[in-house]
**Student:** 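Provided herewith is a single structure, encoded as structure tokens, for subsequent inquiry.
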Amino acid sequence: MTDKDKKLVSRREDFNEWYNSVVLRADLADYGPVRGTMIVKPYGWALWENIQQALDRRFKATGVQNAGFPMFIPMSFLQKEAKHVEGFAPELAVVTHGGGQELGEPIVVRPTSETIIGHTYANWVQSYRDLPILINLWNSVVRWELRTKLFLRTLEFYWQEGHTAHATQAEADERTRMMLDVYTDFAVNEAAVPVIPGEKSEMERFAGADQTLTIEAMMGDGKALQSGTSHNLGQNFARAFDIQFLDQNNVLQYAWTTSWGLSTRFIGAIIMTHGDDQGLILPPRLAPYQVVIVPIYRKDEEKTAVLPTAMRIQNELMAAGIRVKLDDRDNLTPGYKFNDWELRGVPVRLEIGPRDVEKHSVALARRDMPGREGKQFVSQEGLVATVQTLLTEIQANLLARATQFRDANTHDVRDYEEFKTAVETGFARVWWAGDNQAEMQIKQETKATIRCFPLAQPGGSGVCFYTGKPAHRIAIFGRAY
RNA sequence: CGGGGCGUAGCUCAGUUUGGUAGAGCGCUCGGUUUGGGUCCGAGAGGUCGUCGGUUCAAGUCCGGCCGCCCCGACCA
């Protein structure tokens, strides 16, 4: 490898190339043989598994159960909900042949499962006593995207999709909001990604939804990433698929449904929120390895002193529930390993050398503070507690840092000129009273769209920066991935 | 789907202008050396030059078709 290959391109120089290099070189994922497909490698999948677990326990705490649904859906299902088919038709993968025969009706590979869920729930629901239905699917879906990017937009992606059906509108409203809160809590407290929970504009709404709630995050280049969505589907799918039930008064009613999803795209959010010019920085709560131990020795007698100590410390940390990797690769120098694990974003590096064995110490280096500043020698006494405290500090620091970055790059603007400047580098926060037409116009001129109307509104009213009309809502605009 | 770039060793690329025996660095294997910030030295393995066809005594190199990838735009979780 040349020097050029060893060092990542800096984020400033070319954020896009930085992102691609990090994904590939940190061993998170690789390109599949079909355009736009992705191979998630073990390290990336381990990160996804941690995300899954953090979400799954939150879902279950709200009464949701997991299930499995077919990936093949009759084409006719898609056509039952007018807006839904309009939204998804252009990006469907369609199976026309099976077992060497041409199929009578083409089969669609699910782009999302609202339709097959609607069909199924219609069979499951007769009475108000059958409601609510609270189901989540961990699966992959296929959307034939024109322009793809690892994790952010691939032809096939892994996600969870939750689908609930309720007897009343109020219950569906509550569920839509509840799941957004789950996503927000997960993003902030597990991933240290300071998202803005809010509502999508009509233009950005999910195809077939009455309301789409979203968590929006700001990436390291100031662009927005929609990181999770929760849709209130009203009775649209219930009517399209006849999900009907008799209520307490023996009156036939349509059910109210919701759906909500978060995908492997979130891995992209983590990369682009926390990463630096050295590579990935993973939040301790989700990192596949929270601590990497790098043993340091020259001669065999040093090795026989250092390695047992390293293994003993590994066991102590693991016994305390800390995820630890002991890098005992013999053919690589410590310096190489330092760089390697920094690229891979492990939050804490623990070095043990001959001097440490003697002095009963170890060196701890934190990934969020490169260089001497983040490195300290500590006693092996109470090491578990020391490491746990450090991991907590790093987690908190990542969130604080990302929040500060987001706020520093979010600007209240009053006119269109200020707006254009703001969305070059971040978010514009504005009073908004425009319509779809105005939003479209702004998008064409600046590439910025309404990311959301934050749930946390200041109240009162102001003047729309674009139309000059009285406005009662604040919107966040930004350029999006 | 439009514009641009590119396809040569596992990776990054040179060689194509001017056709004439397939190259470098990194990685990999072996031996030694080194190890607290990307060690160094030596020996080796590894390629139907994306693919199909054409021109030619001769094609990585020239011509044509096809396939694929990356970047920018429109579309999108």
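First the proteins, then the strands, lettered A, B, ... as listed; each starts at 1. FYI, side chains are in, hydrogens and waters are out, and symmetry mates aren't considered; it's all heavy atoms of this structure.
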**Student:** Quick one: do A:K337 and A:E342 make a salt bridge, cutoff under 4.0 Å?
**Tutor:** no
**Student:** What interatomic distance, in whole Å, is found between C1' of B:A59 and the corresponding atom of B:U8?
**Tutor:** 14 Å
**Student:** With C1' as the reference atom in both, quote the distance from B:G47 to B:A22 in angstrom, rounded to an integer.
**Tutor:** 8 Å
**Student:** How many whole angstroms separate atom CG of A:N331 from atom P of B:G31?
**Tutor:** 12 Å
**Student:** OP1 or OP2 of B:U35 less than 4.0 angstrom from a side-chain nitrogen or oxygen of A:K303, does that happen here?
**Tutor:** no
**Student:** B:G36 base to A:D356 side chain: any donor-acceptor pair below 3.5 Å?
**Tutor:** yes
**Student:** Walk me through whether A:F419 and A:F477 qualify under ring-ring contact (aromatic ring centres under 6.0 Å, His included).
**Tutor:** CA-CA 9 Å; A:F419 177 92; A:F477 275 79; 5.0 Å; yes
**Student:** Give A:L152 one of three labels, base, sugar-phosphate or nothing, depending on what nucleic acid heavy atoms sit under 4.0 Å from its own.
**Tutor:** base
**Student:** Between B:U34 and A:T333, is there an OP1 or OP2 to side-chain N/O distance shorter than 4.0 Å?
**Tutor:** no
**Student:** Starting at the 5' end of RNA chain B and moving along, which residue's nearest nucleotide shows up first, A:N16 or A:A480?
**Tutor:** A:N16
**Student:** From A:H163 NE2 over to A:H231 NE2, what is the distance, rounded to the nearest 0.5 angstrom?
**Tutor:** 9.0 Å
**Student:** Suppose you measure atom C1' in B:A14 against the same atom in B:C49; what distance do you get, rounded to whole Å?
**Tutor:** 13 Å
**Student:** With sugar-phosphate meaning primed atoms plus P, OP1 and OP2, does A:P354 contact a base, only sugar-phosphate, or nothing at under 4.0 Å between heavy atoms?
**Tutor:** base
**Student:** Examine B:C71: is either OP1 or OP2 under 4.0 Å from a nitrogen or oxygen in the side chain of A:N20? Give yes or no.
**Tutor:** yes
**Student:** Under a 3.5 Å limit for both distances, which nucleotide forms a Watson-Crick or G-U wobble pair with B:G2, could you say?
**Tutor:** B:C72
**Student:** With a 3.5 Å limit on both atom pairs, tell me what B:G7 is paired to, counting Watson-Crick and G-U wobble, or say none.
**Tutor:** B:C67
**Student:** May I have the distance from A:L24 (atom CG) to B:G10 (atom C1'), rounded to whole angstrom?
**Tutor:** 14 Å
**Student:** At 4.0 Å (heavy atoms only), tell me whether A:Q226 reaches a base, stays on the sugar-phosphate, or touches nothing.
**Tutor:** sugar-phosphate
**Student:** Determine: side-chain N/O of A:K149 to OP1/OP2 of B:A77, distance under 4.0 Å, yes or no.
**Tutor:** no
**Student:** Whole-Å distance between B:U35 P and A:R329 CZ?
**Tutor:** 19 Å
**Student:** Who does B:G23 pair with, Watson-Crick or G-U, both distances under 3.5 Å?
**Tutor:** B:C13
**Student:** Counting side-chain heavy atoms from CB outward, which of B:C75, B:G36, B:A77 is closest to A:A363?
**Tutor:** B:G36
**Student:** Taking CZ from A:R298 and P from B:G36, how many angstroms apart are they, rounded to a whole number?
**Tutor:** 8 Å
**Student:** Could you state the CD1-P distance from A:I352 to B:G36, rounded to the nearest angstrom?
**Tutor:** 16 Å
**Student:** Work out how far the C1' atom of B:C40 is from that of B:G46, and round it to whole angstrom.
**Tutor:** 24 Å
**Student:** Sticking with atom P, work out how far B:G10 lies from B:U56, rounded to a whole angstrom.
**Tutor:** 34 Å
**Student:** How far does the C1' atom of B:U17 sit from the matching atom of B:A9, given to the nearest Å?
**Tutor:** 25 Å
**Student:** Relative to the ring of A:Y466, is the ring of A:W432 parallel (under 30°), tilted (30 to 60°) or perpendicular (over 60°)?
**Tutor:** tilted
**Student:** What nucleotide among B:G38, B:G36, B:G73 has an atom nearest to a side-chain atom of A:R25?
**Tutor:** B:G38
**Student:** Rounded to whole angstrom units, what separation is found between the CG atom of A:D330 and the P atom of B:G31?
**Tutor:** 12 Å
**Student:** Which one, B:C75, B:G37, B:C70, comes nearest to the side chain of A:Y31?
**Tutor:** B:C70
**Student:** Can you name the nearest heavy-atom pair linking A:A475 to A:P454, along with the distance?
**Tutor:** CA-CD, 4.3 Å
**Student:** Please tell me which of the listed nucleotides, B:G36, B:G38, B:A77, lies nearest to the side chain of A:N339?
**Tutor:** B:G38
**Student:** Could you check whether A:F186 and A:F266 have their ring centres less than 6.0 Å apart?
**Tutor:** yes
**Student:** Any base atoms under 4.0 Å from A:F377, or only sugar-phosphate, or nothing? Heavy atoms, all strands.
**Tutor:** base
**Student:** May I ask you to verify whether the side chain of A:R372 and the base of B:G37 hold a donor-acceptor pair under 3.5 Å?
**Tutor:** no
**Student:** Which part of the nucleic acid, if any, lies within contact of A:K375, taking any heavy atom under 4.0 Å across all strands shown: a base, the sugar-phosphate backbone alone, or nothing?
**Tutor:** nothing
**Student:** If we take the P atom in both B:A74 and B:U16, what is their distance in whole Å?
**Tutor:** 38 Å
**Student:** What integer number of Å spans the P atoms of B:G31 and B:G36?
**Tutor:** 22 Å
**Student:** Could you check how far CG of A:D14 sits from P of B:C70, rounded to whole Å?
**Tutor:** 15 Å
**Student:** Has A:R11 got its NZ or CZ under 6.0 Å from the middle of the six-membered ring of A:W18, at an angle within 45 degrees of the ring axis?
**Tutor:** yes
**Student:** Select base, sugar-phosphate, or nothing to describe what A:E342 touches, counting heavy atoms under 4.0 Å on all strands.
**Tutor:** base
**Student:** Among the candidates B:C1, B:A77, B:G36, find the nucleotide nearest to the side-chain atoms of A:L146.
**Tutor:** B:C1
**Student:** Map A:K299 and A:T154 onto RNA chain B by nearest heavy atom, then report which one ends up closer to the 5' terminus.
**Tutor:** A:K299
**Student:** With a non-hydrogen cut-off below 4.0 angstrom, is A:G353 in contact with a base, only sugar-phosphate, or nothing?
**Tutor:** base
**Student:** Scan A:V362 against the nucleic acid and name what it touches under 4.0 Å (heavy atoms): base, sugar-phosphate only, or nothing.
**Tutor:** nothing
**Student:** Remember a base hit wins even if backbone is also touched, and classify A:S263 as base, sugar-phosphate or nothing at under 4.0 Å, heavy atoms.
**Tutor:** base
**Student:** Whole angstrom is fine here: how far is it from CH2 in A:W341 over to C1' in B:G36?
**Tutor:** 19 Å
**Student:** Can A:R143 be said to sit on top of A:W159's aromatic six-ring, NZ or CZ under 6.0 Å from centre and within 45° of the ring axis?
**Tutor:** yes
**Student:** Tell me whether the guanidinium CZ or amine NZ of A:K149 lies under 6.0 angstrom from the six-membered ring centre of A:F151 and within 45° of its axis.
**Tutor:** no
